[in-house]
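Read through the structure below, which is laid out as structure tokens, and then see the notes.
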Amino acid sequence: PICLGGLEDIDKLSTMDNDFVVLTVVTPGYKGEKTAAEFKEWFNGLEYKNIKVLFDQDGKIAKELGVKGFPTSAYISSDGSLVKVSPGHFDNDAIIESFTSIK
């Protein structure tokens, strides 16, 4: 339910002219998440068409980032280094503020 509540924000944020890219990473089968096929069927039935979704098939990224629950936000700099990991849902204003504070 928390992830669902944030999808509208992420969809809108994905259309905004920001100085960053928004990517959503899902982990099929990891920690009780839907399988890839179940996720695709579920997600394709939603109205959010601007969200870019990547699959972390074996949970490798989630493990590396220390994700304990969903949603979790990771902020990665343009050089590819991890800047910050924050568990929980954040509205768009908080995400934009976090990004500008790490520039």
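Please read these numbers as outputs of a predicted model, since none were measured by experiment. In this chain, numbering begins with 1 at the start of the sequence shown.
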Practice item. Evaluate side-chain contact (heavy atoms from CB on, under 4.5 Å) for Val53 paired with Val25, printing each intermediate quantity in order. Key: CA-CA 6 Å; Val53 179; Val25 179; over 6 Å; no
Check your understanding: Can Tyr48 and Glu8 be said to form a side-chain contact (heavy atoms from CB on, under 4.5 Å), step by step?
Key -> CA-CA 7 Å; Tyr48 309 114; Glu8 185 174 345; 4.0 Å; yes
Review point. Checking side-chain contact (heavy atoms from CB on, under 4.5 Å) for the pair Lys63/Tyr30: CA distance, chi angles, key distance, verdict?
Key: CA-CA 10 Å; Lys63 291 172 192 169; Tyr30 182 72; 3.5 Å; yes
Practice item. Take Leu23 and Val21, measure what side-chain contact (heavy atoms from CB on, under 4.5 Å) needs, and give me the verdict at the end. Key: CA-CA 6 Å; Leu23 298 173; Val21 175; 4.1 Å; yes
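Shown here is Glu97, whose CD atom has no more than 12 heavy atoms of other residues, nucleotides or ligands within 6.0 Å. No more than 12 heavy-atom neighbours from other residues, nucleotides or ligands sit within 6.0 angstrom of NZ on Lys68. The neighbour count for Asp17 CG, taken as heavy atoms of other residues, nucleotides or ligands under 6.0 Å away, does not exceed 12.
Lys49 places a side-chain N or O within 3.5 Å of a backbone atom of Leu46 that can act as its donor or acceptor partner. A donor-acceptor pair is defined here as one N or O able to donate and one able to accept, closer than 3.5 Å; such a pair exists between the side chain of Asp11 and the backbone of Asn50. Remark: the backbone N or O of Thr35 is paired with a side-chain donor or acceptor of Glu38 at under 3.5 angstrom.
The closest side-chain heavy-atom distance from Ile95 to Leu13 is below 4.5 Å. Val67 places none of its side-chain heavy atoms less than 4.5 Å from the side chain of Lys31. Between Glu33 and Phe39, every side-chain heavy-atom pair lies at or beyond the 4.5 Å cut-off. Contact annotation: the side chain of Lys84 approaches that of Ser98 to within less than 4.5 Å [non-hydrogen atoms, C-beta and beyond]. Counting heavy atoms from C-beta outward, Leu54 and Thr24 have side chains that stay 4.5 Å or more apart.
Under the 6.0 Å distance and 45° angle rule, Lys40 counts as a cation-pi partner of Phe55.
Ring-centre distance between Phe20 and Tyr75: not below the 6.0 Å cut-off.
Shortest non-hydrogen contact noted between Ala36 and Pro28 is N-CB, 3.4 Å. Heavy atoms only, all atoms of each residue included: Gly88 and Ser73 are closest at O-OG, 4.5 Å. In terms of heavy atoms, Ile51 sits closest to Leu7 at CD1-O, 3.7 Å. A pairwise comparison of heavy atoms in Pro87 and Thr72 identifies CA-OG1, 3.9 Å as the closest pair. Of all heavy-atom pairs between Ile61 and Asp56, the closest is N-OD2, 3.0 Å.
Of the inter-residue distances, the one linking Lys12 atom NZ with Asp91 atom CG reads 10.5 Å to the nearest 0.5 angstrom. Distance check, rounded to the nearest 0.5 Å: OG1 of Thr27 to CG of Asp58 gives 10.0 Å.
A donor-acceptor contact closer than 3.5 angstrom is absent between the side chains of Lys52 and Ser14.
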